[in-house]
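Below: one structure, written as structure tokens.
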Amino acid sequence: MRRKLFAGNWKMNLGPNEARALIAELRRELDPQAAHLSRDRDILVAPPFISIPAAAQALAGSSILLGAQNAHFEDQGAFTGEIAPTMLKAFGVSHVILGHSERRHIFGESDELIGKRVAGVIAKRLNAILCVGETLNERDRGATLEVVLRQLQNGLSAVKPEDSKRVIVAYEPVWAIGTGRTATPEQAQEVHAALRESLRDHFGRQPADEIPLLYGGSVTPENVEALIAKPDIDGALVGGASLKAASFAAIVRAGRPTE
Ligand code: 13P
């Protein structure tokens, strides 16, 4: 049984004070159920870099994990505007989201750069959440699997088999992000199954079968259950609905509502 992961990507929202307030609310919602929930799932929040110290403080004693939204592949040096993996680790960050479609499409990050970032964070013993996903145009011309498999293979090209435990993959169709238009569970499962096959080629069957594959793109408390009921969908990467404690807590409880 793979553990599930529910991750909130706050994107460029919530400064330190707001981060503290949201985490306090989330803890009021989730702490009483922490032992129950942690049996089969992990919960993670990924604030903007500047809010990570405040978030780390607010999470003290909680089982909620702390993530970052990017990281450089080197650990120090002349890289204006970048943050090193070790700097993140110093605040208790355990996971780094890499290759998000906003990094790819707004900031022009290439498959090659993303692959270097993935290898860089894993070298520092952090977990990489590698995001892949096709645009609407790519889906319409039947190129979905070709695109996501290329992104997956390039993203993982420098990851050694023994590091498969540090890999998480998130399938986020670009046309579903922030649009209110979710992939159907069947559409998502089809892509996840292809990702799983490709991971088996790269890492071997058993290690690949342990890698959590998350779905992201307009996930809500209403649609999450049907998504995670699919065999290869192991959780969610949540944008907008992770910015409110009630909706994120409801998503996190999917399939495990009460004791
Ligand atoms: P939304 O949930 O707002 O569609 O964002 C998804 C996403 O990009 C998470 O990384």
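The figures here come from the full heavy-atom set of this structure, side chains too, leaving out hydrogens, waters and symmetry mates. Whatever order the structure lists them in is the order used to number ligands and atoms, beginning at 1. Keep in mind that this is a model prediction, so the values were computed, not measured.
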Requested in this report: Please test I177 against K11 for side-chain contact (heavy atoms from CB on, under 4.5 Å), starting from the C-alpha separation and ending with a verdict.
Outcome: CA-CA 12 Å; I177 295 177; K11 308 193 179 185; 3.4 Å; yes
Requested in this report: Please identify which atoms of ligand 1 are closer than 4.0 Å to at least one heavy atom of H100.
Outcome: 7 (C), 8 (O), 9 (C), 10 (O)
Requested in this report: Could you list which atoms of ligand 1 come closer than 4.0 Å to a heavy atom of G217?
Outcome: 4 (O), 6 (C)
Query raised in the report: What do you reckon, does A241 put a non-hydrogen atom under 4.0 Å from ligand 1?
Result: no
Report task. Could you tell me the residue and atom name of the protein heavy atom closest to atom 3 (O) of ligand 1, and the distance to it rounded to 0.1 Å? Result -> G240 N, 2.8 Å
Report task. Answer side chain, backbone, both or neither: which part of L237 comes under 4.0 Å from ligand 1, heavy atoms only. Result -> both
Query raised in the report: For ligand 1, is A176 a contact, meaning one of its heavy atoms is under 4.0 Å away?
Result: yes
Report task. Answer yes or no: is there a side-chain heavy-atom contact under 4.5 Å between R117 and L113? Result -> yes
Query raised in the report: Is the closest side-chain heavy-atom distance between L88 and V121 below 4.5 Å?
Result: no
Query raised in the report: How close does the nearest protein non-hydrogen atom get to atom 2 (O) of ligand 1, and which residue and atom is it?
Result: G239 N, 2.9 Å
Query raised in the report: Should I64 and I23 count as side-chain neighbours, where that means a heavy-atom distance under 4.5 Å?
Result: no
Query raised in the report: With a 4.5 Å heavy-atom cut-off, do V191 and L213 have their side chains touching?
Result: no
Query raised in the report: Among protein heavy atoms, which lies nearest atom 5 (O) of ligand 1, and at what distance?
Result: K11 NZ, 3.2 Å
**Report entry** side chain to side chain donor-acceptor pair (under 3.5 Å), paired with H100, selected from E109, Q69, H105, E172
**Finding:** E172
Requested in this report: Could you check atom 9 (C) of ligand 1 against the protein and tell me its nearest heavy-atom contact, residue, atom and distance included?
Outcome: E172 OE2, 2.9 Å
Report summary line: The reported gap from CG in L195 to CD in Q153 (rounded to nearest 0.5 angstrom) is 9.5 Å
Query raised in the report: Is there a heavy atom in G178 that sits closer than 4.0 Å to ligand 1?
Result: yes
